[in-house]
> 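The structure's right below; bear with me while I get my questions together.
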Amino acid sequence: MRKFLYHHIIVILLTGLTALFVFFSVLINNKKIGSDLSTFERIKKTGVLRMITNDSMDAYYLYNGKPTGFEYDLGLEFAKYLNVDLDIVTPGWNNMFAYLSEDKGDFIGAGLAITREWLGKVNFSIPYQTIQQHIVHHKLVFGPKNIDDLTYRTIHISRGTSYQARLEQIKASGIEFYYILHDNIPTEELIRMVNDREIRFTVATNTMAHLNQRYYPDIRIGIPIQEKQSLAWAVNKKDSDMLEQINKFFLHARETGILARIVNKYYANIEDTDPFDLKRFHERIQTRLPKYLPIIKEEARDYGLDWRLVAAVIYQESHYNPNAKSFTNVRGLMQVTSTTAEEMGIRNRLNPTLSIRAGIKYLNKMIQKFDYIDDDYERLLFGLASYNIGYGHVKDAVQLAYDLGMDGHNWRHVRETLPLLSKSKYYKKTRYGYARGWEPVQYVKRILTYYDILKQKELD
């Protein structure tokens with residue numbers, strides 16, 4: 001019996017050692033194979049694309065627990081193009097290049113400007129956007145009139161950015177000024193510090209500065225400090241295959257309108273804002289909006305709408321004034337017409353609760369009319385325009401877009417044909433006739449601005 005047990009144990013041990021040897025042999029072999037793969041080959045093998053990016057409003061952030069941002073959307077489209085999943089890596093601005101060199105990510109997509117310094121570290125793709133650096137200051141602080149006027153001023157910027165590289169160039173030219181470097185502090189935080197007058201000056205791109213002016217209407221966008229620069233994605237010097245794939249994707253994104261759609265989503269009309277109107281909006285979301293928040297949230301939830309979107313619509317319609325009345329006799333918080341009120345089943349349009357209830361129900365109805373449009377965001381824009389000018393006129397503009405060889409499912413195209421409905425050459429051929437078609441274009445633009453501000457604010 002003892003011999004049997006001893007023999008049995010020996011067999012088990014030998015089997016275990018053999019299995020362990022096979023396991024480590026496979027592991028070592030796989031590691032060797034993996035190390036021989038190029039970045040692009042590894043992506044296709046694993047089915048995962050790793051994008052190194054930055055936590056900032058112009059790159060990547062979470063809204064309602066979901067990832068969003070210009071660079072994120074662009075990266076997601078690239079992953080779809082390669083038919084793989086997207087993985088986001090956010091090591092902090094100062095660590096992005098180290099992560100790329102250590103193969104902890106496949107490329108950097110974070111709004112990088114093509115600079116001489118960075119060209120020595122990485123290879124850049126073809127550009128996808130053009131920006132320009134500006135001084136940002138508070139409205140009560142006199143900004144420099146020109147580059148020479150930077151003398152003796154102190155500017156706060158993030159370390160390792162193209163802003164630092166530019167300020168070093170200006171300083172080397174003989175202009176005496178000071179700059180303070182901050183580690184891993186996003187540009188929007190420095191802009192907030194300017195707004196709160198904690199610091200006097202920072203530097204931001206025109207897109208970042210105009211975006212932040214929505215949230216901080218007291219900031220002013222000062223002089224440009226550099227010629228226009230190109231933004232691109234970055235890959236390791238050795239990754240020629242990866243660079244080729246990114247360039248092919250950008251060409252594809254331009255030809256198909258993907259790039260234009262994403263640019264339009266995040267940056268359309270950002271320069272066309274009135275700081276005084278924004279200032280008033282910021283005041284009224286503190287003084288007027290809280291009274292109506294409970295009913296807005298409740299009704300929006302019933303239809304699966306973001307309450308911030310609804311709040312943006314209400315401000316555009318009435319500035320949160322329940323007694324508002326337009327020259328066309330639409331009334332109440334959501335400016336419901338008598339016909340719509342009857343259709344939605346309410347009698348008193350001046351009752352805030354009923355007005356909000358009817359308005360949200362009608363807005364949802366307009367959005368659902370475009371359920372044949374796959375993209376949720378595009379569908380929302382068409383619904384908003386219909387809420388303003390009527391579904392029939394929007395359908396006329398859609399058909400007109402097709403007649404002119406444009407894409408009637410794309411808001412970027414339909415916003416061009418809507419104003420044509422005021423011209424007899426075009427509206428005589430439509431079903432619903434004349435319309436002040438420029439109004440819904442402005443209407444949608446303003447709502448998106450207010451919506452964007454509300455998404456960045458914390459309201460109880």
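Position 1 is the first residue of the sequence, and the numbers go up from there. The structure presented is a predicted model; accordingly, all values stated were derived computationally and were not measured.
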> Could you grab the distance from atom CD of Gln129 to atom CD of Gln229, nearest 0.5 Å is fine?
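Output value for this atom pair is 12.0 Å.
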> Working to the nearest 0.5 Å, report the span between CD of Glu227 and CD of Gln132.
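Result: 6.5 Å between the selected atoms.
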> Between Tyr63 and Lys66, is there a cation-pi geometry (under 6.0 Å to ring centre, at most 45° from the normal)?
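Negative - Lys66 is either too far from the ring of Tyr63 or too far off its axis.
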> Looking only at non-hydrogen atoms, find the nearest pair between Leu384 and Val313 and report the distance.
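Minimum heavy-atom separation between Leu384 and Val313: CD2-CG2, 3.7 Å.
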> Do side-chain atoms of Trp93 reach the backbone of Gly160 as a donor and acceptor pair under 3.5 angstrom?
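Yes.
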> Considering only heavy atoms from C-beta outward, does the side chain of Val194 approach that of Tyr216 to under 4.5 Å?
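No. Closest side-chain heavy atoms not under 4.5 Å.
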> Look at the aromatic rings of Tyr450 and Phe281 and report parallel, tilted or perpendicular, splitting at 30° and 60°.
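Tyr450 vs Phe281 ring planes: tilted.
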> Between Val89 and Met96, is a side chain to side chain contact (heavy atoms under 4.5 Å, CB included) present by the stated rule, with each step listed?
CA-CA 9 Å; Val89 182; Met96 290 193 302; over 6 Å; no
> Is the shortest side-chain heavy-atom distance between Phe107 and Leu49 below 4.5 Å?
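Yes, their side chains come closer than 4.5 Å.
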> Please step through side chain to side chain contact (heavy atoms under 4.5 Å, CB included) for the pair Leu278 and Thr449, ending with a clear verdict.
CA-CA 9 Å; Leu278 295 179; Thr449 297; 4.0 Å; yes
> If we only count heavy atoms from C-beta on, is the Gln442 to Lys445 side-chain gap below 4.5 Å?
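SC-SC contact between Gln442 and Lys445 confirmed.
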> Might you point out which heavy atoms bring Pro294 and Pro290 nearest each other, and give the distance in Å?
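Shortest heavy-atom separation between Pro294 and Pro290 comes out as CD-O, 3.7 Å.
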> Of all the heavy-atom pairs spanning Glu71 and Gly111, show the shortest one and how long it is.
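Closest heavy-atom pair between Glu71 and Gly111: OE2-N, 3.0 Å.
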> Under 6.0 Å between ring centres: does that hold for Phe97 and Trp118?
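Yes - the distance between ring centres of Phe97 and Trp118 falls below the 6.0 Å cut-off.
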> Between Glu77 and Arg261, is there a side-chain heavy-atom distance shorter than 4.5 Å?
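Yes; the side chains approach each other to less than 4.5 Å.
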> Ring centroids only, cut at 6.0 angstrom: are Tyr163 and Tyr179 within range, meaning strictly under it?
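Here the rings of Tyr179 and Tyr163 have centres that are no less than 6.0 Å from each other.
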> Which atom pair, heavy atoms only, marks the closest approach of Leu100 to Gly105?
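The pair with the smallest heavy-atom distance is CD1-O, 3.8 Å.
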> Drop me the distance from Lys80's NZ to Leu86's CG, to the nearest 0.5 angstrom.
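One finds 10.5 Å between NZ of Lys80 and CG of Leu86.
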> Say you draw a straight line from CD1 of Ile126 to CZ of Phe249; how long is it, rounded to the nearest 0.5 Å?
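Reported to 0.5 Å precision, the distance equals 10.0 Å.
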> Could you tell me whether His409 and Tyr372 have their ring centroids closer than 6.0 angstrom?
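When the ring centroids of His409 and Tyr372 are compared, they turn out to be within the sub-6.0 Å range.
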> Tell me whether Gln456 contacts the main-chain N or O of Tyr215 through its side chain, where contact means a donor paired with an acceptor under 3.5 Å.
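No; zero donor-acceptor contacts below 3.5 Å.
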> Begin with the C-alpha distance, continue with both residues' side-chain angles, and end with the deciding distance and a verdict on side chain to side chain contact (heavy atoms under 4.5 Å, CB included) for Met208 and Ile191.
CA-CA 9 Å; Met208 178 63 81; Ile191 292 177; 4.1 Å; yes
> What's the spacing between His137 NE2 and Ile221 CD1 if we round to 0.5 Å?
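Between His137 NE2 and Ile221 CD1, I get 9.0 Å after rounding to 0.5 Å.
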> Working to the nearest 0.5 angstrom, can you tell me the gap between Lys361 NZ and Thr340 OG1?
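Taking NZ in Lys361 and OG1 in Thr340, the distance rounds to 11.5 Å.
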> Is any side-chain heavy atom of Ile447 less than 4.5 Å from a side-chain heavy atom of Asn388?
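Not touching, per the 4.5 Å side-chain cut-off.
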> I need the minimum non-hydrogen distance between Gln226 and Gln133, along with the two atoms involved.
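Minimum heavy-atom contact is OE1-NE2, 3.1 Å.
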> Would you say Asn247's side chain and Ser125's backbone share a donor-acceptor pair under 3.5 angstrom?
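Not at all, since once roles are kept as given, no pair shorter than 3.5 Å links the two residues.
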> Keeping to residues at least two apart or across chains, list the salt bridge (Lys or Arg N to Asp or Glu O under 4.0 Å) pairs with something in residues 139-164.
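Listed by first then second residue: Lys139-Asp218, Asp149-Arg153, Arg159-Asp183.
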> Where the side chain of Thr53 meets the backbone of Gly109, is there a donor-acceptor pair that is under 3.5 Å apart?
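Side chain of Thr53 to backbone of Gly109, a donor-acceptor pair under 3.5 Å: yes, one is there.
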> Take atom NZ of Lys121 as the centre, draw a 6.0 Å sphere, and report whether it contains more than 12 heavy atoms from other residues, nucleotides or ligands.
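Yes, NZ of Lys121 has more than 12 neighbouring heavy atoms, counting only those of other groups under 6.0 Å.
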> Checking Ser355 side chain against Pro352 main chain: does a donor-acceptor pair fall under 3.5 Å?
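Not a single qualifying donor-acceptor pair exists.
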> Do Asp106 and Met242 pass the side chain to side chain contact (heavy atoms under 4.5 Å, CB included) test, and can you show the C-alpha distance, the side-chain angles, and the key distance before you say yes or no?
CA-CA 8 Å; Asp106 302 319; Met242 188 64 182; 4.1 Å; yes
> Are there more than 12 heavy atoms of other residues, nucleotides or ligands under 6.0 Å from atom CD of Glu342?
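Count not over threshold, so no.
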> Tell me if the CZ atom of Phe142 is crowded by more than 12 foreign heavy atoms within 6.0 Å.
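No, the 6.0 Å shell around CZ holds no more than 12 heavy atoms from other groups.
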> For the residue pair Thr187 and Thr161, establish whether any side-chain heavy-atom pair is separated by less than 4.5 Å.
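Thr187 vs Thr161: side chains apart.
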> Any luck finding a side-chain donor-acceptor pair between Gln368 and Lys365 under 3.5 Å?
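Looking only at side-chain atoms, Lys365 and Gln368 do not form any donor-acceptor pair under 3.5 Å.
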> Are any non-hydrogen side-chain atoms of Glu439 and Ile389 less than 4.5 angstrom apart?
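No, every pair of side-chain atoms sits at 4.5 Å or beyond.
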> Have Glu317 and Tyr443 got a donor and an acceptor in their side chains that come within less than 3.5 Å?
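Side chains of Glu317 and Tyr443: pair found under 3.5 Å.
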> Kindly list each side-chain donor-acceptor pair under 3.5 angstrom involving residues 196-203, sequence neighbours excluded, with atom names and distances?
unit_1, atom_1, unit_2, atom_2, d
Asp196, OD2, Arg192, NH1, 2.6
Glu198, OE1, Arg192, NH2, 3.4
Glu198, OE2, Arg192, NH1, 3.0
Thr202, OG1, His156, O, 2.6

> Does the structure place the NZ or CZ of Lys171 under 6.0 Å from the centre of the six-membered ring of Tyr178, at an angle of no more than 45° from the ring's axis?
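Yes, Lys171 sits over the ring of Tyr178.
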> Short question: side chain of His134, backbone of Ala204 - any donor-acceptor pair under 3.5 Å?
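Not at all, since once roles are kept as given, no pair shorter than 3.5 Å links the two residues.
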> Do the two ring centres, one from Tyr61 and one from Tyr72, sit under 6.0 Å apart?
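Here the rings of Tyr72 and Tyr61 have centres that are no less than 6.0 Å from each other.
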> Does any part of the side chain of Thr205, heavy atoms only, come nearer than 4.5 Å to the side chain of Leu231, both counted from C-beta?
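A side-chain contact is absent here, since even the closest heavy-atom pair is not under 4.5 Å.
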> Which of these, Ile262, Thr207, Leu211, sits in a side-chain contact (heavy atoms from CB on, under 4.5 Å) with Phe70?
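For Phe70, the side-chain contact (heavy atoms from CB on, under 4.5 Å) check succeeds only for Ile262.
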> Tell me which pairs pass salt bridge (Lys or Arg N to Asp or Glu O under 4.0 Å) where either residue lies in residues 400-416, with sequence neighbours left out.
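Matches after skipping sequence neighbours: none remain.
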> Using only atom types and a distance under 3.5 Å, with no angle test, would you say the side chain of Tyr362 pairs donor to acceptor with the backbone of Tyr387?
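Between the backbone of Tyr387 and the side chain of Tyr362 there is no qualifying donor-acceptor contact (under 3.5 Å).
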> Might you confirm whether atom CG of Asp371 has over 12 heavy atoms from other residues, nucleotides or ligands at distances under 6.0 Å?
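For Asp371, atom CG is crowded (more than 12 foreign heavy atoms under 6.0 Å).
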> Is there a donor-acceptor pair closer than 3.5 Å between any side-chain N or O of Gln335 and the backbone N or O of Ser318?
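A pair under 3.5 Å: no.
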> Do any N or O atoms from the side chain of Ser158 and from the backbone of Pro186 form a donor-acceptor pair under 3.5 angstrom?
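No.
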> Between Tyr128 and Arg254 (side chain of the first, backbone of the second, donor and acceptor by atom type, cut-off under 3.5 Å), is there such a pair?
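Here the side-chain-to-backbone pair does not exist.
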> Look at the aromatic rings of Trp233 and Phe250 and report parallel, tilted or perpendicular, splitting at 30° and 60°.
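Trp233 vs Phe250 ring planes: tilted.
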> Closest approach of Ile314 and Tyr320, non-hydrogen atoms and distance?
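Shortest heavy-atom contact: CG2-CD2, 3.6 Å.
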